[in-house]
Amino acid sequence: MKFMLLIYGNEENWASISSEEFDEILRQTDALNQELLESGELVGAYGVADQLNAKMVRADAGVTTVIDGPYAEAKEYLGSFTIVDCESLDRALEIAAANPAARYVGVEVRPLIHEANLDM
């Protein structure tokens with residue numbers, strides 16, 4: 001089963017972490033990703049640009065509109081995500097708990113229920 005592990009944050013959370021501590025979080029995350037790659041469970045892991053760099057595209061009646069955003073009403077925003085392919089939800093939760101971000105902001109775990117058919 002594939003799962004998406006979502007890491008959200010906000011400026012207040014990340015500003016409270018020293019640059020040395022943040023570098024250590026990244027080092028530990030890279031080590032975890034290497035373990036998952038070696039076990040065959042890592043599909044991909046990506047950090048995303050902050051919402052100031054995001055765009056929202058809407059298409060309606062043949063008219064495409066591109067706006068800045070989206071800007072969530074909440075303080076938190078998506079900072080990164082990892083996709084794993086593992087045997088169970090329990091294993092996905094175990095992987096999420098091993099992620100250093102779980103100690104600071106939490107890791108949301110969502111089963112992926114549909115995969116695009118790329119063999120069309």
Side-chain angles (χ1 to χ4, degrees):
M1 276 184 87
K2 289 185 179 153
F3 296 88
M4 180 179 278
L5 313 180
L6 301 148
I7 298 170
Y8 295 88
N10 63 51
E11 296 306 320
E12 193 175 301
N13 285 85
W14 297 120
S16 69
I17 299 171
S18 71
S19 62
E20 293 82 14
E21 192 173 6
F22 188 76
D23 289 345
E24 180 61 16
I25 291 168
L26 293 179
R27 189 197 65 70
Q28 291 174 5
T29 301
D30 287 343
L32 174 61
N33 288 339
Q34 185 61 42
E35 287 177 29
L36 296 172
L37 181 67
E38 290 171 6
S39 73
E41 295 171 300
L42 182 68
V43 175
Y46 307 89
V48 298
D50 66 31
Q51 61 185 356
L52 295 175
N53 293 300
K55 302 291 183 200
M56 175 63 76
V57 177
R58 297 195 188 275
D60 186 27
V63 177
T64 300
T65 305
V66 179
I67 60 172
D68 290 338
Y71 297 108
E73 295 296 320
K75 289 182 181 180
E76 293 189 340
Y77 56 87
L78 180 64
S80 65
F81 66 93
T82 301
I83 298 176
V84 295
D85 190 354
C86 54
E87 76 242 5
S88 66
L89 174 60
D90 286 342
R91 176 61 181 145
L93 295 173
E94 182 181 304
I95 293 167
N99 190 302
R103 296 189 306 263
Y104 298 92
V105 294
V107 178
E108 180 179 349
V109 177
R110 288 193 180 195
L112 297 177
I113 58 172
H114 178 74
E115 190 165 347
N117 180 4
L118 301 178
D119 295 327
M120 298 189 295

Chemist: Under 4.5 Å between side-chain heavy atoms, counting indirect links through other Ile/Leu/Val/Met/Phe/Trp/Tyr residues: same cluster for Leu42 and Leu6 or not?
Modeler: no

Chemist: Work out which heavy atom in Asn13 is nearest to a heavy atom in Ser16; give both atom names and the distance.
Modeler: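 Scanning both residues, the minimum pair turns out to be O-OG, 2.6 Å.
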
Chemist: Under a 4.5 Å side-chain heavy-atom rule over Ile, Leu, Val, Met, Phe, Trp and Tyr, are Leu32 and Met4 clustered together?
Modeler: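 No, Leu32 and Met4 fall in different hydrophobic clusters.
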
Chemist: Can you name the side-chain contact (heavy atoms from CB on, under 4.5 Å) partners of Glu94, sequence neighbours left out?
Modeler: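 Residues passing side-chain contact (heavy atoms from CB on, under 4.5 Å) with Glu94: Arg91.
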
Chemist: Do the side chains of Leu26 and Leu78 join up, straight or via other hydrophobic residues, at under 4.5 Å, putting them in one cluster?
Modeler: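 As far as the 4.5 Å side-chain criterion goes, Leu78 and Leu26 are not connected within one cluster.
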
Chemist: Is it the case that one hydrophobic cluster holds both Tyr77 and Ile7, taking links as side-chain heavy atoms less than 4.5 Å apart, direct or via other members?
Modeler: yes

Chemist: Restricting to side-chain contact (heavy atoms from CB on, under 4.5 Å), what partner residues turn up for Asp60, sequence neighbours left out?
Modeler: none

Chemist: Check side-chain contact (heavy atoms from CB on, under 4.5 Å) between Val43 and all other residues, then give those that pass, not counting sequence neighbours.
Modeler: Lys2, Ile83, Asp85

Chemist: The criterion is ring-ring contact (aromatic ring centres under 6.0 Å, His included); which residues satisfy it with Tyr104, sequence neighbours excluded?
Modeler: none

Chemist: Once side chain to side chain donor-acceptor pair (under 3.5 Å) is applied, do any residues pair with Gln28, and if so which ones, sequence neighbours excluded?
Modeler: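 By the side chain to side chain donor-acceptor pair (under 3.5 Å) rule, Gln28 matches Glu24, Arg103.
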
Chemist: Between Tyr8 and Val105, is any pair of side-chain heavy atoms under 4.5 Å apart?
Modeler: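 Not in contact.
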
Chemist: Treat each ILVMFWY residue as a node, draw an edge where side-chain heavy atoms are under 4.5 Å apart, and state whether Phe22 and Val107 are in one component.
Modeler: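 In one cluster: yes.
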
Chemist: Counting C-beta onward and ignoring hydrogens, is there a side-chain heavy-atom pair between Met1 and Leu89 closer than 4.5 Å?
Modeler: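 Result no, sub-4.5 Å side-chain heavy-atom pair not found.
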
Chemist: Compare every heavy atom of Val109 with every heavy atom of Ala96, then report the nearest pair and how far apart it is.
Modeler: CB-CG2, 3.6 Å

Chemist: For the residue pair Ala102 and Ala97, what are the closest heavy atoms and their distance?
Modeler: CB-O, 4.0 Å

Chemist: Roughly how far apart are Glu35 CD and Glu41 CD, rounded to 0.5 Å?
Modeler: 10.0 Å

Chemist: Any heavy-atom pair between the side chains of Val66 and Met56 that's under 4.5 Å?
Modeler: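 No. Closest side-chain heavy atoms not under 4.5 Å.
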
Chemist: Between Thr64 and Arg58, is a side-chain contact (heavy atoms from CB on, under 4.5 Å) present by the stated rule, with each step listed?
Modeler: CA-CA 6 Å; Thr64 300; Arg58 297 195 188 275; over 6 Å; no

Chemist: Under the side-chain contact (heavy atoms from CB on, under 4.5 Å) criterion, do Ile95 and Leu36 qualify, and how do the steps go?
Modeler: CA-CA 9 Å; Ile95 293 167; Leu36 296 172; 3.7 Å; yes

Chemist: Holding to side-chain contact (heavy atoms from CB on, under 4.5 Å), I want the full list of residues that pass it with Thr65, two or more places apart in sequence or in another chain.
Modeler: Val63, Ile67

Chemist: Please report the shortest heavy-atom distance between Cys86 and Ala92, naming the atom on each side.
Modeler: SG-N, 3.7 Å

